[in-house]
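Here's the structure we're looking at; comments come further down.
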Protein chains: 2
Amino acid sequence: MEDETFDDSSESSSVGAAQRVFHALSSAPRRKILAYLSASGLTAGEIADRFSMSKPAVSQHLSILETAGLIRREKQGQFVHYSLIENNLVNTLNGFVQEVCPVGRPIKKESQARARQKELP
Amino acid sequence: MEDETFDDSSESSSVGAAQRVFHALSSAPRRKILAYLSASGLTAGEIADRFSMSKPAVSQHLSILETAGLIRREKQGQFVHYSLIENNLVNTLNGFVQEVCPVGRPIKKESQARARQKELP
DNA sequence: AAGGTAATTAATTAATTGCTTAATTAATAG
DNA sequence: CTATTAATTAAGCAATTAATTAATTACCTT
């Protein structure tokens with residue numbers, strides 16, 4: 001299995017999947033969009049309404065998130081419905097953490113600790 | 001507890017901690033540096049030797065990683081020794097996943113699945 | 001102190017981002 | 001068919017990024 005977390009030089013477009021995901025996540029508006037979509041699917045317009053920037057600007061962010069495989073686009077009549085794709089996000093981040101943090105105690109432990117914290121207010 | 005995963009508007013410098021981490025991770029060379037440091041601490045020169053770009057360029061990447069709180073810098077004589085700080089990375093990524101992915105099945109499950117895959121080739 | 005090595009800072013430049021407004025495409029409603 | 005609404009594409013621009021080479025700082029050796 002070839003690792004792809006760091007390499008920027010493979011894949012037809014010369015930009016790896018991991019690179020696209022990390023680039024997509026580097027923008028606060030885009031992370032915000034993902035958070036909105038985690039609650040429910042939304043149309044492009046509904047998403048744009050939650051930002052102060054122009055609609056085309058939001059559309060670009062959506063396109064970057066879609067290219068990264070983090071969200072999906074579904075045309076419904078004259079509306080475009082966007083929704084979250086969780087797998088790619090979790091796989092990419094987890095794959096990276098596995099590479100960078102000593103194997104054996106990856107994000108799992110942290111996740112458990114934080115989950116416990118949420119349960120006990 | 002204030003969430004800081006998306007907000008880019010708090011903190012003195014107007015750039016949040018999470019933003020710094022995600023920005024730092026958006027660069028393939030910087031992710032590569034983190035991977036190198038996961039194996040062992042290295043001097044600036046040893047890191048630079050592993051790249052084809054100039055030393056000052058690597059130095060800048062190191063500075064970005066340090067500002068993000070992902071690595072630490074320790075001057076030892078005329079050398080500067082860099083090493084990984086895991087906590088900030090894991091906390092930030094995990095915090096983000098918790099926000100974006102439906103609570104209850106965070107990265108933990110994925111982590112376990114992938115760990116299992118690694119065990120059984 | 002003189003010279004050498006390690007690393008960073010400074011100055012510069014080319015390329016990329018992140019937005020804007022204007023134009024375009026597509027679907028629906030009157 | 002015309003007008004309206006949703007969304008994207010296109011064109012343009014200021015600001016940022018990522019790299020380079022040159023200069024500087026700091027430390028060690030003799």
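When reading the values below, keep in mind they use all heavy atoms of this one structure, side chains included, and skip hydrogens, waters and symmetry mates. Here is how names work: the chains are called A, B, and so on, in the same order as the sequence lines, proteins then strands, and each is numbered from 1.
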* State, yes or no, whether a side-chain contact exists between B:Ile47 and B:Leu37 at a heavy-atom distance under 4.5 Å. => yes

* **Contact nearer the 5' end of DNA chain C, comparing A:Gly77 with A:Ser54** => A:Ser54

* **side chain to side chain donor-acceptor pair (under 3.5 Å) partners for A:Arg72, two or more places apart** => A:Ser83

* Test B:Arg20 against every option in B:Thr92, B:Thr67, B:Leu25, B:Ile64 by the side-chain contact (heavy atoms from CB on, under 4.5 Å) rule and name the one that passes. => B:Thr67

Mind listing the N/O atom pairs, protein and nucleotides 5-11 of chain C, below 3.5 Å?
from: C:dT5; atom 1: O2; to: B:Gln78; atom 2: OE1; distance (Å): 3.1
from: C:dA7; atom 1: OP1; to: B:Ala44; atom 2: N; distance (Å): 3.4
from: C:dA7; atom 1: OP1; to: B:Val80; atom 2: N; distance (Å): 3.3
from: C:dA7; atom 1: OP2; to: B:Gly45; atom 2: N; distance (Å): 2.8
from: C:dT8; atom 1: OP1; to: B:Arg73; atom 2: NH1; distance (Å): 2.8
from: C:dT8; atom 1: OP1; to: B:Tyr82; atom 2: OH; distance (Å): 2.5
from: C:dT8; atom 1: OP2; to: B:Ser59; atom 2: OG; distance (Å): 2.7
from: C:dT8; atom 1: O5'; to: B:Ser59; atom 2: OG; distance (Å): 3.2

* 5'-most by nearest nucleotide on DNA chain C - A:His23 or A:Gln76 -> A:His23

* Asked: What about B:Phe51 and B:Leu34, same hydrophobic cluster or not, with Ile/Leu/Val/Met/Phe/Trp/Tyr joined at side-chain heavy-atom distances under 4.5 Å?
  -> yes

* To do: List the atom of A:Ala35, the atom of A:Ser38, and the distance in Å for their closest heavy-atom pair.
  => O-OG, 2.6 Å

* Asked: Does C:dC19 have OP1 or OP2 sitting under 4.0 Å from an N or O in the side chain of A:His61?
  -> yes

